[in-house]
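Input: a single structure, listed below in structure tokens.
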Amino acid sequence: RYDSNFQLTFVNRAYCEFLGLTAEELIGFDFINRIPEEQQENAIANIHMLTIDNPTSTSTHQSIMPDGQYRWIEWTDVAIFDENTQIIEYQGTGRDVTDHVLATQQLETLSQQLETQTDELQSVLNTMQDSLVSMTLPDKQIIQVSASFEEIFGYPFEKFHSDREFFKQVIHPDDLQLAIEAQTNCLRDGFSEFDHRVIHPSGEVRWIHRRAWINYDKEHRPVSINDSARDITDRKLAEQALRESEELYRLTLSNISDAVFITDDDGYFTFVCPNVEILYGYSHQEMVEMGHIAKVLGNQIFDITELKQSGEISNIERLIHNKAGQPHYVLVNIKQIAINEGTILYTVHDVTERKEAEEALRTSETRLAEAQRIAHIGNWERNLHTGELHWSDEVYRIFGYEIQEFDANSDRFFNTVHPDDREFVRQSVDTAMNEHSAYSIDHRIVLPTGKFASFMKRQKSLQMNRGYRDV
């Protein structure tokens with residue numbers, strides 16, 4: 001990625017390996033300086049032509065390698081806009097096409113020898129995926145036509161050659177003027193390159209990448225013109241699907257309460273969801289300018305080895321502070337992904353209210369336990385569906401046991417009841433359960449030492465919450 005001054009702001013590992021340099025050596029470097037001087041103007045113009053309506057372009061130029069060698073690179077440049085449709089930076093995806101360009105240049109040289117090498121060149125052309133048409137100038141006599149022409153354009157070349165206006169029926173109406181201007185530019189400048197759509201006989205619309213160039217003799221007089229075409233429909237559809245997917249993704253993330261970040265392997269942002277202000281109090285632009293995930297979640301939030309092994313780490317609890325300094329407890333989920341340059345997805349969920357409620361509950365339970373200890377009153381509950389029984393700490397004390405010495409259950413309870421009171425207590429419990437009524441009874445218990453304890457007063461509510469008091 002690079003800014004409006006063409007200074008690199010991000011490079012991926014493949015680009016570093018391609019140049020044999022580190023990211024630190026490349027960040028901040030003006031990449032235009034790696035383009036031969038005679039090609040820089042066209043490269044800059046190609047970038048400056050990007051708009052909100054035409055955010056993507058493809059161009060090919062040479063790049064000067066650190067060892068001084070030249071490589072041909074096909075770049076797809078995409079302008080990235082903010083919410084006000086202003087360009088904030090650019091992203092370039094490069095593909096080394098040196099072999100392809102050199103092969104094309106070789107074909108240009110061979111075109112000057114077509115009269116003696118027709119059969120050999122035709123064999124080469126017929127094996128190419130691209131369509132190539134070569135004609136003499138200025139009379140436009142056919143030199144060669146590759147076999148893939150009809151597959152790409154939908155019609156045999158003879159229809160175009162016999163009727164010079166036929167191309168107007170094949171090229172998409174919205175792209176016709178562009179094609180005419182490109183032809184004029186090629187005849188004037190010796191080269192043109194552009195994308196346009198064609199309509200096949202079936203009505204199917206296909207995207208074509210066209211590249212035309214002129215061969216000159218020693219006196220720089222044009223002697224032939226070459227027109228190559230490649231079907232790029234799949235690439236165009238993929239680009240459109242990506243744009244639609246990213247827009248849908250952006251809209252989706254804008255309508256959830258969680259904050260979402262995407263970073264590269266080094267933790268640098270490749271995406272910040274628009275709604276981060278809800279949790280952090282900072283504007284989207286302020287969060288983007290922070291640049292690194294450590295600025296918003298702290299350092300060493302997870303083990304990268306664990307993430308690579310499992311692919312996902314869930315419910316990491318962190319304490320953060322918003323712009324106003326207010327604390328927020330959050331749960332962070334981390335997942336490995338592959339979205340453009342982004343490799344790690346962070347989802348940050350605010351659980352402050354839950355944490356505060358949990359703390360309030362713990363405080364309330366502590367106070368209740370202390371009140372029961374002072375009053376020597378305990379309570380216990382039984383789940384009528386599962387049979388699960390719970391004793392408060394004070395019930396254990398009243399019954400003569402250590403706190404939580406064992407898991408409470410009905411058998412253990414009835415064993416503590418004095419044998420002479422056991423049937424009476426059991427009938428009282430069963431009657432209350434069957435009639436859904438409250439009850440209050442006194443009975444004796446047997447302590448673990450074998451001694452009889454004082455009478456106990458037992459009360460039951462309709463929710464089957466029972467209380468004990470030593471009387």
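In this structure, the side chain of Glu25 engages the main chain of Thr22 through a donor-acceptor pair within 3.5 Å. No donor-acceptor pair under 3.5 Å is formed between the side chain of Asp393 and the backbone N or O of Ile403. In this structure, the side chain of Asn84 does not engage the main chain of Gln86 through any donor-acceptor pair within 3.5 Å. Distance alone, capped at 3.5 Å, is enough to place a donor-acceptor pair between the Thr9 side chain and the Arg1 backbone. Side-chain atoms of Gln39 come within 3.5 Å of backbone N or O of Gln62 as a donor-acceptor pair. The backbone N or O of Asn409 sits nowhere less than 3.5 Å from a side-chain atom of Asp411 that would complete a donor-acceptor pair. Side-chain N or O atoms of Asn333 include one that pairs as donor or acceptor with a backbone N or O of Asn315 at under 3.5 Å. Within the 3.5 Å criterion, the main-chain N or O of Met287 finds no donor-acceptor partner in the side chain of Tyr280. Checking side-chain atoms of His61 against main-chain N and O of Gln40 turns up no donor-acceptor pair under 3.5 Å. Without hydrogens or angle criteria, Ser228 side chain to Leu132 main chain gives no donor-acceptor distance under 3.5 Å.
Ring-plane geometry between Tyr2 and Tyr90 is classed as parallel, the angle between the planes falling under 30 degrees on a 0 to 90 degree scale with a further cut at 60. Ring planes of Phe31 and Trp75: tilted class, angle from 30 to 60°.
For the side-chain contact (heavy atoms from CB on, under 4.5 Å) criterion with Thr56, the lone passing option out of Val78, Leu50, Asp195 is Val78. Residue Thr343 is tested with Ile337, Asp266, Asp265, Ile262 for a side-chain contact (heavy atoms from CB on, under 4.5 Å); the sole match is Asp265.
Of the N and O atoms on the side chains of Gln326 and Asn322, at least one donor lies less than 3.5 Å from an acceptor on the other residue. Side-chain contact of Asp258 with Thr347: a donor-acceptor pair under 3.5 Å is absent, judged by distance alone. No donor-acceptor contact under 3.5 angstrom links the side chains of His200 and Arg206, judged on distance only. At a cut-off of 3.5 Å, with distance as the only test, no side-chain donor of Asp53 or Thr51 sits close to an acceptor on the other residue. In the model, Glu151 has no side-chain atom that pairs as donor or acceptor with a side-chain atom of Ser148 under 3.5 Å.
Few gaps surround CZ on Arg318; more than 12 heavy atoms of other groups in view lie less than 6.0 Å from it. Few gaps surround CD on Glu405; more than 12 heavy atoms of other groups in view lie less than 6.0 Å from it.
In this structure, Arg426 forms a cation-pi arrangement with Phe414, its terminal cationic atom sitting closer than 6.0 Å to the ring centre and no more than 45° off the ring axis.
Pairing each heavy atom of Ile152 with each of Arg230, the nearest pair is CD1-CA, 4.3 Å.
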